[in-house]
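All values reported here derive from a predicted model rather than from experimental measurement. As the structure lists them, so they are numbered: ligands from 1, and atoms in each ligand from 1.
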Amino acid sequence: MSVLFRHLPSMDRLLRHLEADPGLAAAPRALLRDLADAFLDLLREEIRAGAVADAGDLAPERLLPRLTAFVRVKARPHFRRVLNATGVVIHTNLGRSNLAEAAAVAVADAARNYSNLEFDLATGRRGSRYSHVERILCRITGAEAALVVNNNAAAVLIVLDTLAKGREAVVSRGQLVEIGGSFRIPDVMRKSGATLVEVGATNRTHLRDYENALTENTGMLLKVHCSNFRCIGFTKEVPLEEMVALGRGRGIPVVEDLGSGNFLDFRALGLPLDEPTAQQAVAAGADVVTFSGDKVLGGPQAGIIVGRREWIEKIKRNPLNRALRIDKMTLAALEATCRLYLDMERARREIPTLRMITAEPAELKAKARSLAARLKKALGGRVTARTLPGSSRVGGGSFPEFDLPTTLVAVRPAAPVTIEALRAALLSTEPPLVGRVEEGELLLDPRTLRRDEFPLAVSALAQGLEAATPSER
Ligand SMILES: *Cc1c(COP(=O)(O)O)cnc(C)c1O
């Protein structure tokens with residue numbers, strides 16, 4: 001055994017091999033050194049365990065290809081592109097919304113160059129970073145003023161902190177929701193220093209419940225979108241208009257957390273997606289409305305706050321605003337996305353999230369057939385691929401109970417590859433491919449895969465099948 005240790009290649013030999021590999025040209029040298037080290041550790045472990053029993057296993061022609069495969073996988077950046085074949089359009093774990101091309105271009109421009117981020121080109125003096133999106137957000141929503149922070153959780157926090165710190169915020173029991181990722185309305189409220197006053201019952205809240213809860217210490221009436229759950233059956237929520245009428249009479253602001261705000265009225269497109277738009281919330285008289293930038297809106301991660309000037313100005317002056325502010329790339333992406341919304345049809349075509357949600361069943365069926373045909377052609381007898389009707393989800397807590405009809409591609413690996421081995425192997429292909437597994441089949445939903453991604457999906461499956469095939473030894 002100790003003889004074998006002496007046959008281990010030197011670090012220099014390994015590094016020279018790695019540095020000559022064009023596939024690793026972008027990898028930092030320090031990282032290659034760490035990985036070569038890890039590879040040597042692995043070999044020592046194998047010698048000790050008896051897995052490497054003769055010097056031939058350590059010969060360069062056997063070892064170097066193994067080294068290359070080992071390092072190529074591990075030298076990749078940790079944060080990577082993934083193919084989303086789940087059919088969940090706003091998949092929080094996979095990055096929510098893909099930006100429109102115009103927004104991606106604006107981000108790259110803001111990233112590479114100096115800009116007028118906080119510089120007023122009309123006067124040559126200091127400007128406000130919010131000026132770039134405030135007018136367009138008001139133009140779209142009809143609000144008097146607007147502000148953008150890091151995400152909608154931050155938006156809710158700063159609104160509560162500004163309007164209800166040390167005071168009471170009145171919320172319906174049916175709206176004390178947990179969005180996921182530990183965002184719970186009661187917890188955010190505690191953090192802001194507002195006192196939660198719950199009114200109504202879980203399923204039903206009446207206007208008189210709000211009315212009876214009002215005291216001289218009431219800071220706001222808050223309406224929260226239930227997002228990811230539905231209360232059905234014997235239920236009642238108070239319409240925003242009625243809450244506004246009550247608040248106005250007492251000089252108490254009414255705030256609505258829309259969750260996934262949207263600008264596009266899906267019902268007008270014939271889709272039964274019945275959610276209030278930000279415009280409707282503003283028109284109903286809400287004093288402050290908050291929503292996410294990267295849910296149905298299809299823009300960058302951001303928390304958008306629109307509403308009446310007197311409240312928005314107060315929120316802007318809150319010191320928390322400095323801690324929650326958005327960066328220049330987010331601003332660039334948000335402005336570019338909002339510009340598309342000035343023409344709703346253009347927004348629907350060019351914003352990927354909207355395009356995926358509103359994709360026609362016939363188009364999805366054609367895409368599924370095309371993908372299945374490519375898979376059959378490229379992977380021959382190693383898989384069977386068929387198409388079948390199925391459903392996709394909007395995701396991101398939007399329209400939770402609503403199935404969007406789609407056509408799926410069902411892939412079944414041929415023996416000896418098992419579906420579980422394939423699913424696992426697809427997590428380390430280049431790029432990884434994430435689908436759903438049901439009853440021994442991998443289901444790929446073309447709603448969330450673009451046609452230009454099909455070659456990548458086919459390649460990922462080829463790589464996955466290769467890696468999931470049990471080795472001879
Ligand atoms: C998603 C959501 C939030 C949190 O928004 P983020 O942008 O993810 O921070 C808050 N409230 C509601 C109702 C939501 O649906």
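For Arg81, the CZ atom counts as densely surrounded, since its 6.0 Å shell holds more than 12 non-hydrogen atoms of other residues, nucleotides or ligands. More than 12 non-hydrogen atoms from other residues, nucleotides or ligands lie less than 6.0 angstrom from CZ of Arg267.
Side-chain contact annotation: Thr290 with Asn152, donor-acceptor N/O pair under 3.5 Å present.
A salt bridge links Glu430 with Arg76; the closest basic N to acidic carboxylate O contact falls under 4.0 Å. With respect to the salt-bridge test (charged N to carboxylate O, under 4.0 angstrom), the residues Glu345 and Arg349 qualify.
Thr407 pairs in a side chain to side chain contact (heavy atoms under 4.5 Å, CB included) with only one of the listed residues (Glu363, Lys367, Lys365), which is Lys365.
Taking a heavy-atom cut-off of under 4.0 Å, ligand 1 is surrounded by Arg96, Asn151, Asn152, Ala153, Ile179, Phe183, His225, Ser227, Asp257, Gly259, Ser292, Lys295.
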